[in-house]
Amino acid sequence: MRDKNIFITEVSALGELLMEPALKRDFNRRAFNQYLVMFARLVLAAVFIYAAAGKIDKPLMFAEQIREYKILDLSPLLYIIAIVLPWIELLCGISLITGVLIRGASFTLTAMNLGFLTVIVYKTFYEMASADVAFFDVFFDCGCGFKPTHAWKKILEDLGLLGLSLLLLFSREYRFILLRLRK
Amino acid sequence: MKIRNVLIQTVAVCGISTAIAFTYNGFSDNGINPFIKAANGEIALDSDNGVDGSIGVIRLKQFRTMSEKKSVFLDARTESDYIEGHIPGAILFDYYQFGRFADKVLPLLDPESEIIVYCSSPVCDSSSFLARELFALGYLNVYVYKEGFSNWEKEGLPVEKGLE
């Protein structure tokens with residue numbers, strides 16, 4: 001009888017532990033994180049696949065758009081970037097959807113977003129200095145695969161994408177993975 | 001998250017992309033050879049006048065004086081740029097869709113007439129590329145208006161809008 005009581009108290013203790021608010025909160029937080037991660041994956045994949053599709057078969061056009069930045073005008077390198085970059089964007093997008101090599105893809109996306117942000121900010125200040133326009137009036141085609149917009153909108157957009165890719169990169173775990181090549 | 005794994009995966013993603021990119025580039029009609037072209041998009045433009053065996057670069061002043069001759073303008077930019085504004089009488093020839101426009105525009109061109117190709121600004125490539133392509137097809141009087149449409153607008157010259 002005494003033993004049984006002990007058993008019951010133990011079970012109820014376990015139950016209480018399961019209902020422990022802190023644990024419950026942790027469980028909810030992790031579920032929420034997974035929704036956030038899934039959201040980031042889908043948004044980034046959509047943006048990058050769309051951007052890649054617009055320039056994947058137009059390396060010359062893309063090279064021209066890169067040249068417009070007046071940063072890189074080195075013949076073979078410029079064209080190699082114009083050929084390869086859209087494919088990296090496309091494969092990263094596919095990787096985010098399928099989950100294959102997702103950690104590498106998120107690192108690549110983070111690096112690319114940082115790079116894009118840098119050159120767009122550079123170009124914005126360049127335009128401000130050379131054409132003498134106010135920050136909020138700078139307007140150009142960034143060559144990202146979308147229509148020309150105001151630079152400040154593009155910078156905000158890029159910051160958002162950078163945030164999402166950082167979130168993905170530092171996410172502890174991923175769900176909905178088609179094939180796990182590495183842990 | 002192990003940094004080593006992240007790096008290995010990154011190399012894998014970039015490596016696979018590069019391999020596919022170059023394979024595709026090799027087979028695509030729009031593919032380019034990154035090692036053959038000279039810097040600044042100045043391809044095969046080795047003189048200021050179209051002497052035999054080369055394509056001429058032309059400046060605004062020059063073709064103003066030869067306007068009494070029969071000359072045709074080709075707009076190498078995209079259709080949306082063309083609709084926004086182009087040189088009056090210019091024919092749209094989007095270089096990035098060469099196949100599509102070649103069928104439409106080439107029959108309209110007289111190989112004897114002077115063809116002046118332009119794109120948006122001095123740094124754009126498409127006019128030079130288009131000129132080289134036309135030259136190879138036997139249109140020997142091809143000139144590139146290197147200063148581009150931005151210069152035309154800046155000079156306050158007439159601009160036509162919309163598709164003809």
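In what follows, every chain begins at residue 1, and chains take the letters A, B, ... in the order their sequences are listed.
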**OP:** Please name the pair of heavy atoms, one in A21(B) and one in V84(A), separated by the smallest distance, quoted to 0.1 Å.
**Re:** CB-CA, 3.8 Å
Original post:
So does K58(A) have more than 12 non-hydrogen atoms from other groups sitting under 6.0 Å from NZ?
Top reply: no
Original post:
If you measure from CD1 on I20(B) to CG on L91(A), what distance do you get to the nearest 0.5 Å?
Top reply: 4.5 Å
Subject >> Least distance between heavy atoms, L101(A) atom then Q9(B) atom >> reply: C-OE1, 3.2 Å
Original post:
Any link between F27(B) and F22(B) through a network of hydrophobic side chains (Ile, Leu, Val, Met, Phe, Trp, Tyr) touching at under 4.5 Å?
Top reply: no
Original post:
Looking only at heavy atoms, what is the nearest atom pair of V13(B) and G104(A), with distance?
Top reply: CG2-C, 4.2 Å
Subject >> Connected via hydrophobic side-chain network under 4.5 Å: L90(A) and V11(B) >> reply: no
Original post:
Side-chain heavy atoms under 4.5 angstrom apart, residues restricted to Ile, Leu, Val, Met, Phe, Trp, Tyr: same cluster for Y35(A) and L169(A)?
Top reply: no
**OP:** Could you name each residue pair satisfying ring-ring contact (aromatic ring centres under 6.0 Å, His included) that touches residues 83-118 of chain A, not counting sequence neighbours?
**Re:** W87(A)-Y24(B)
Original post:
Which of the residues L85(A), I102(A), I56(A), I83(A) is involved in the greatest number of heavy-atom pairs with chain B at under 4.5 angstrom?
Top reply: I83(A)
Subject >> Under 4.5 Å from a heavy atom of chain A, the part of S121(B) involved >> reply: side chain
